[in-house]
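We count ligands from 1, going down the list as the structure has it; atoms in each ligand are counted the same way.
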Amino acid sequence: MSAILTPIPPLRLGVNVDHVATVRNARGGALPDPVRAALLAAAAGADGITAHLREDRRHIRDADMRRLRAEIPVPLNFEMAATEEMTALALELRPHACCLVPERREERTTEGGLDVIGGGIELAHRVETLAAAGIRVSLFVAPDAEQIARSADIGAAVVELHTGAWCEWLAEGRAAEAHEEFARLAQAATQAAALGLEVHAGHGLDYASAQEIAALVEIRELNIGHFLIGEAMFEGLETAIRRMRHAMAHGRAVLRAA
Ligand code: PXP
């Protein structure tokens, strides 16, 4: 009875356009344009756009971030390291949200969650500064109870749960490890929501994993990039986004049937 009466919160899709810039930068020049991809993604049903301005500018550049802020019709999620330089830029651009991530130059992508506990007072101060400017602050964390508790303590509005390990184990057929990690993600989502945090998830998601994780009712947003941009080469960005939305809706529908 209660399952029928309780409305199921919608699940938003944030599309990360970093890797359009990766392809552009492989050749120099201006094409393909990540802002064009963002506009197309929004038209195809993305609820938001994410871009990560890395310290080494390996994909998105400052000018891309400025154009995204000025040109896209949906909320911009500015993914960034918790540094002085990035905080200053965020305060200038005032995006809808900032997602603070750990960053190491030698990594290929964001490999682990943010150490919110180790970030101490300095991280707490950055969260406070960004939030005071009206920016929704999200912390990209592993599904770890202590990191999540500390995220709430320092005033983050959102935690984004790192799904990278789960997706990797799924892809490698390591079913038992994937199963355990999914249980950790589910528990982390419940804990974070109980602490009043909005829960997002992302990293490494594809159609199948997005569908599966969509069944976690506390999760309100998925941020997906690499897979969608890859699929766009074969079936077009618009189709890839439509298929992703379909997969997410399918995963959410499990809740309705429960
Ligand atoms: N969320 C965060 C915080 C990320 O760092 C990334 C990778 O840039 C993503 C989501 C998207 O991951 P992927 O490109 O693997 O879909």
The one among G14, A201, C167, G204 that brings a heavy atom closest to atom 15 (O) of ligand 1: G204
Side chains of N77 and E79, donor plus acceptor under 3.5 Å: no
Nearest option to atom 7 (C) of ligand 1, as decided by whichever heavy atom of H203, E221, E103, R54 sits closest: H203
For N223, the ligand 1 atoms whose distance to one of its heavy atoms is below 4.0 Å: 10 (C), 11 (C)
Contact atoms of ligand 1, heavy-atom distance to N16 under 4.0 Å: 8 (O)
For V101, the ligand 1 atoms whose distance to one of its heavy atoms is below 4.0 Å: 3 (C)
Show every donor-acceptor pair shorter than 3.5 Å between a side-chain atom in residues 124-131 and any protein atom, with sequence neighbours excluded, or say none if there are none.
unit_1, atom_1, unit_2, atom_2, d
R126, NE, A82, O, 3.0
R126, NH2, E84, OE1, 3.4
T129, OG1, H125, O, 2.7

Q187, CD: over 12 other non-hydrogen atoms inside 6.0 angstrom: no
Check: Q211/H246 side-chain N/O donor and acceptor closer than 3.5 Å: no
Short N or O distance, L205 and ligand 1, threshold 3.5 Å exclusive: no
Atom CZ of R174 with >12 non-hydrogen neighbours under 6.0 angstrom: yes
R57 and N25: CA distance, side-chain angles, deciding distance, side-chain hydrogen bond (donor to acceptor under 3.5 Å, both in side chains) verdict: CA-CA 10 Å; R57 304 328 196 244; N25 297 356; over 6 Å; no
Contact (N/O only, under 3.5 Å) between H226 and ligand 1: yes
Per-atom contacts, ligand 1 versus I224 - under 4.0 Å to a heavy atom: 16 (O)
Parallel, tilted or perpendicular, as decided by the 30° and 60° cut-offs, for the rings of H19 and H59: perpendicular
Close approach, F140 and ligand 1, non-hydrogen under 4.0 angstrom: yes
Min N/O separation G225 to ligand 1 under 3.5 Å: yes
Heteroatom distance test (E79, ligand 1): nitrogen or oxygen, under 3.5 angstrom: yes
Test of proximity, E160 against ligand 1: N or O pairs below 3.5 Å: yes
Polar side-chain atom of Q147 near backbone of V116 as donor-acceptor pair, under 3.5 Å: yes
